[in-house]
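Some notes on the structure that comes next.
The shown structure was predicted, so the numbers you read here are calculated from the model rather than taken from an experiment.
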Amino acid sequence: MQDNNADRILAEAKELISREIVLCQSMRAMISRELEAIVLDGDMDALYEILEQKDKIISQLYLLADSWRDLLSCAGINASDSNNFPDGFGGKYLLSLFPDDKELPELIQESREIAESIMKAEDEAVSELDKLSSDLRRQMITRVHGKNAAASYARMGGSMI
């Protein structure tokens, strides 16, 4: 790789990682708000709003992935070849291309840490959402049974006061 091209690729890779970190931090904040809406408030309107915001961040992450593919293509790397990226991200590969860069390892580590944090938090949010769904299902079943019992009682001549 020519020095100018290598410098450009390194600069763009750092920029992409930095943008990824910012988006992931935003996603992590949304997940925290999601958990709060589910667990503390049971606020479905807030939950839907948060999910819409998360969807926008996910769309931006997809665009970022396209930028990664473009950058890797410029570097002569086939992004779809998973053998190039044994760590799933390409961090090891980038580190092997730029072993003397001091900032790159820190950015990659920060990116990995926030990604792991998101995965754990998202698992927790899904679990809490499942609990909320189960509780709502139970409440609806109880109400349906109650309505059915009341209707049967009324049909049998009972009084509902």
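The hydrophobic cluster containing Leu95 also contains Leu97, counting ILVMFWY residues as joined when their side-chain heavy atoms lie under 4.5 angstrom apart, directly or transitively. Residues Val39 and Leu129 fall within the same hydrophobic cluster, defined by Ile, Leu, Val, Met, Phe, Trp and Tyr side chains chained together at heavy-atom separations under 4.5 Å. Linking ILVMFWY side-chain heavy atoms closer than 4.5 Å, directly or via other members, places Tyr62 and Ile114 in a single hydrophobic cluster. Hydrophobic clustering (side-chain heavy atoms under 4.5 Å, transitive across Ile, Leu, Val, Met, Phe, Trp, Tyr) groups Leu16 together with Ile58.
The existence of a salt bridge linking Glu36 and Arg33 is excluded, since no basic side-chain nitrogen approaches an acidic carboxylate oxygen closer than 4.0 Å.
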message = One pair to check against side chain to side chain contact (heavy atoms under 4.5 Å, CB included): Ile38 and Glu34. What are the steps and the verdict?
response = CA-CA 6 Å; Ile38 295 168; Glu34 179 181 10; 3.9 Å; yes

request  = Before giving the answer on side chain to side chain contact (heavy atoms under 4.5 Å, CB included), spell out for Glu122 and Val126 the whole-Å C-alpha distance, their side-chain angles and the decisive distance to 0.1 Å.
outcome  = CA-CA 6 Å; Glu122 188 66 25; Val126 167; 4.0 Å; yes

task = Apply side chain to side chain contact (heavy atoms under 4.5 Å, CB included) to Val22 and Arg19, showing your working.
result = CA-CA 5 Å; Val22 168; Arg19 285 177 37 205; 5.8 Å; no

Verdict with supporting geometry, Gln60 and Ser26, side chain to side chain contact (heavy atoms under 4.5 Å, CB included) = CA-CA 11 Å; Gln60 292 175 350; Ser26 295; over 6 Å; no

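Residue-environment remark: CE (Met119) stays at or below the threshold of 12 foreign heavy atoms within 6.0 Å.
For the 3.5 Å distance criterion, the side chains of Ser73 and Arg69 fail to qualify, holding no donor opposite an acceptor.
Distance CG/Asp43 to OH/Tyr48: 11.0 Å, rounded to 0.5 Å. Here the straight-line distance linking atom CZ of Arg8 with atom CG of Leu10 works out to 11.0 Å at 0.5 Å rounding. Distance CG/Leu64 to OG/Ser59: 12.5 Å, rounded to 0.5 Å. Here CD of Glu49 is found 8.5 Å from CE of Met30. Values are rounded to the nearest 0.5 Å. Here Leu51 contributes atom CG and Ile31 contributes atom CD1; the two are 10.5 Å apart, rounded to the nearest 0.5 Å. If you take OG on Ser117 and CD on Gln25, they are separated by 10.0 Å, rounding to the nearest 0.5 Å.
Sorted by first and then second residue, the salt bridge (charged side-chain N to carboxylate O under 4.0 Å, His left out) pairs with a member in residues 98-109 read Lys14-Asp101, Lys14-Glu103; sequence neighbours excluded.
The shortest distance between side-chain heavy atoms of Phe98 and Asp7 does not fall below 4.5 Å.
Of all heavy-atom pairs between Ala37 and Leu47, the closest is CB-N, 4.2 Å.
Checking side-chain atoms of Ser111 against main-chain N and O of Leu107 turns up no donor-acceptor pair under 3.5 Å.
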